[in-house]
Structures are given as structure tokens and as C-alpha cells.
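Below you'll find the structure, written out as C-alpha cells, and then a few comments.
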Amino acid sequence: MFIIMAIFLGIVQGITEFIPISSSGHLAILQNIFSLGYDEEAHMFFNVLLHLGTLTSICLVYKQELKGMISDTLDHIRNRDEIDSDEPLKPNVRMVIFILAATVPLILGLIFRRQVERLFMNTGFIGFALLITGGLLFVSDRYIKTGDKKEKTITLVDAIIVGLAQAVAVIPGLSRSGTTIAVGMTRGFNRSFAVRFSLLLSIPAVVGAGLVELVSAFRIGINVSMIPAYLIGMIFAAVVGYFSVQLLRRLATQKGKFGKIAYYCWGVGVLTILLSIVL
């Protein structure tokens, strides 16, 4: 029976991790209201594999960009003594530096980890956070003027502000991708670049969180008999995630379509708040 649950959770993870509707918020709502009977702590290793699945989908979509970033950065490190200090950094090297800089604010998430974990049980709060996510999507799509900042023109301040947005988005109900894309647009990012920076920024975040969860999983213990079901869920997360990334890229780069996701967030947010009061 857990195979069905693994497939379901893989699909939910693949959709909500990238489409800006908050994966953590949806999983918490399903667990709190519908009592799925899913013990997240007992299946910590499954959580790691689910995130590995969605991480794989990002790497597949942006494989050429990642190859260029790794190659140019390694060349820069090897030849740093021969490079003129006045020579501008290659765009790919700038991307690596700014993604790493934008990842630093996640330390705040670790500092307030216990407080954030308690919010996962507060269904009404999650519904309110979804309303905020909808507002961010709607305003950034309809009222923020599209900029032209890309790899060559992004600044360290831009990267840190987007990184702070990512740190705040650990709150359940706030979409990580939606928040970082919206804030990127307010900093003058080109729509396409805002999406790319947001998704590439998620890679070190997912890797870091995955390593922490992996240590916890080994400490708790891994049920080897469940691994086949876990792997099936991971595959579904990767496949669904791949198409979700492609959909996000299309929606976010077309004015008027990205903001429509706000209506879904508002609908689910209001329904969640009402259910938290009634149930």
C-alpha cells in the first residue's frame, strides 16, 4: 500500500516544488487536515530521495548552464594568477559567486528551525501564508516593470536580497520559487533570468537540506524493505518535476500567466483557513 502513497507524494513533490504554490505548505495541509497517516520522521530517507528526484529534474533542464558554470569556475580557479585583476569575471563565474552569496542567508533558517517546524502544525497560519504567496505572484506579474538584469549586470546586493527571500520562504505556505522569482523581478531581473536564478539557487539549498536529513535518516534508521517504494516515489518526483520546471519557465516569462497562479493560492488559502476553523 505504501507504493501508492509514495507515488502520490512523488507527484505532489514534483508539482509543488516548482510551481509556486508551496510544496511544504501543501504537504502539511494534507497531513494536518486529511490525516494521511504518513510519519515523516519514520520515512526521513524517503524525504531525502524525493528532494533528490526534484534536484535531478533541475539539473536535467539546466544541464548546459551548469556545465558552463562548473567549467568556467574551475578554469578561473586554475588560472587565477594569470588573470588581470581589472578583467571582468565571466558571466558563469559571476553566477556561481552570487548563487553562493545568496545561499548564505539560509543560516537564518537554521537559527529559527524550531520555530518554523512548529508552524507546520498551524494549518490556519499556512492558509494565511498561501494568501501572501498569491499576493506576491499577482503583484510581481501585474505591477512590477520587467527589468533587463542578467548574469552580467546582477549585483551582490541583488543576490543577497533574493537569498533573504529564500530564507524567509522556509515558512510553510510561502512558495520558495514564487518568493524568489517575485523578489528577483523587483530587483530588475529579466523574467527569464529571475526564473533561472531562482531554480539554480535552489540547488545548494536542496543539497544542504538533503545532507542534514540524510544524517538524521541514518541516525533514526532506514527500513531497507521500503527502498523499492521510495525509489518509485523519487522517479515520479523527478519526472513530474521536470515537466513542472518547463511549465514554470513558460508561465513566468509571459506577463499575465504567472499571476494567474495567485488565484489558486488564494482559493486554497481561504479554504485551508476555513477548514482549520471548522475541523
Side-chain angles (χ1 to χ4, degrees), residues 1-19 21-61 103 106-107 109-123 125-126 166 169-177 199 202-245 268 272 275-276 279:
M1 285 297 293
F2 188 81
I3 289 180
I4 296 175
M5 176 69 75
I7 292 172
F8 172 72
L9 292 175
I11 292 172
V12 171
Q13 175 72 16
I15 294 174
T16 59
E17 181 70 17
F18 303 117
I19 305 301
I21 56 177
S22 179
S23 60
S24 61
H26 275 68
L27 290 173
I29 291 169
L30 290 171
Q31 180 69 16
N32 295 345
I33 293 180
F34 299 104
S35 301
L36 295 178
Y38 174 69
D39 187 343
E40 188 170 338
E41 184 172 314
H43 299 288
M44 186 73 73
F45 186 59
F46 182 43
N47 291 343
V48 175
L49 292 181
L50 285 179
H51 284 97
L52 179 60
T54 49
L55 179 64
T56 300
S57 60
I58 297 177
C59 293
L60 287 174
V61 172
T103 303
L106 281 177
I107 295 173
L110 294 176
I111 295 174
F112 296 102
R113 184 176 180 180
R114 290 183 180 276
Q115 290 86 341
V116 171
E117 286 176 348
R118 284 199 288 268
L119 293 176
F120 280 86
M121 301 303 295
N122 190 332
T123 310
F125 176 86
I126 295 172
Q166 178 175 244
V170 299
I171 294 173
L174 286 182
S175 164
R176 193 210 66 83
S177 61
L199 292 175
S202 71
I203 293 177
V206 172
V207 170
L211 289 175
V212 172
E213 287 190 337
L214 187 61
V215 172
S216 298
F218 278 115
R219 189 187 309 121
I220 295 170
I222 299 172
N223 187 342
V224 179
S225 66
M226 300 296 289
I227 289 180
Y230 290 169
L231 292 175
I232 291 172
M234 181 187 74
I235 292 171
F236 270 85
V239 173
V240 174
Y242 178 85
F243 289 105
S244 295
V245 171
V268 174
T272 299
L275 289 174
S276 71
L279 299 179

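Each residue takes its place number in the sequence, starting with 1.
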Hey, does [Y] have a side-chain heavy atom less than 4.5 Å from the side chain of [X]?
X: Leu30; Y: Phe8; answer: yes
X: Ser202; Y: Ile58; answer: yes
X: His26; Y: Thr272; answer: no
X: Ile21; Y: Val268; answer: no
X: Met44; Y: Arg219; answer: no
X: Leu9; Y: Leu27; answer: yes

Using every non-hydrogen atom in the two residues, find where [X] and [Y] come nearest and quote the distance to one decimal.
X: Ile126; Y: Ala28; answer: CD1-CB, 3.5 Å
X: Asn223; Y: Ser225; answer: OD1-OG, 2.5 Å
X: Gly210; Y: Val48; answer: O-CG2, 3.9 Å
X: Thr103; Y: Pro204; answer: OG1-CG, 3.4 Å
X: Thr54; Y: Phe18; answer: O-CZ, 3.3 Å
X: Ser175; Y: Ala169; answer: O-CB, 4.0 Å

N/O donor-acceptor pair under 3.5 Å between Ser22 side chain and Gly173 backbone: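 Side chain of Ser22 to backbone of Gly173: a pair is present.
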Side chain Asn32, main chain Phe120, donor-acceptor under 3.5 Å: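 Indeed, once roles are kept as given, a pair shorter than 3.5 Å links the two residues.
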Please tabulate, one pair per line, all N/O donor-acceptor pairs under 3.5 Å involving side-chain atoms of residues 232-242, not counting sequence neighbours.
residue	atom	partner	partner atom	Å
Tyr242	OH	Gln246	NE2	3.3

Distance-only donor-acceptor check, side chains Glu17 and Ser23, under 3.5 Å: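 Yes.
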Between [atom1] on residue [X] and [atom2] on residue [Y], distance to nearest 0.5 Å:
X: Leu231; Y: Phe46; atom1: CG; atom2: CZ; value: 9.5 Å
X: Asn47; Y: Tyr230; atom1: CG; atom2: OH; value: 8.5 Å
X: His51; Y: Leu214; atom1: NE2; atom2: CG; value: 13.0 Å
X: Phe112; Y: Ile107; atom1: CZ; atom2: CD1; value: 12.5 Å
X: Leu55; Y: Leu49; atom1: CG; atom2: CG; value: 12.0 Å

Check against side chain to side chain contact (heavy atoms under 4.5 Å, CB included), Thr123 and Leu275: CA-CA 9 Å; Thr123 310; Leu275 289 174; over 6 Å; no
Ring geometry between Phe218 and Phe45 (parallel below 30°, tilted from 30 to 60°, perpendicular above 60°):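 Ring orientation, 0 to 90° scale: tilted.
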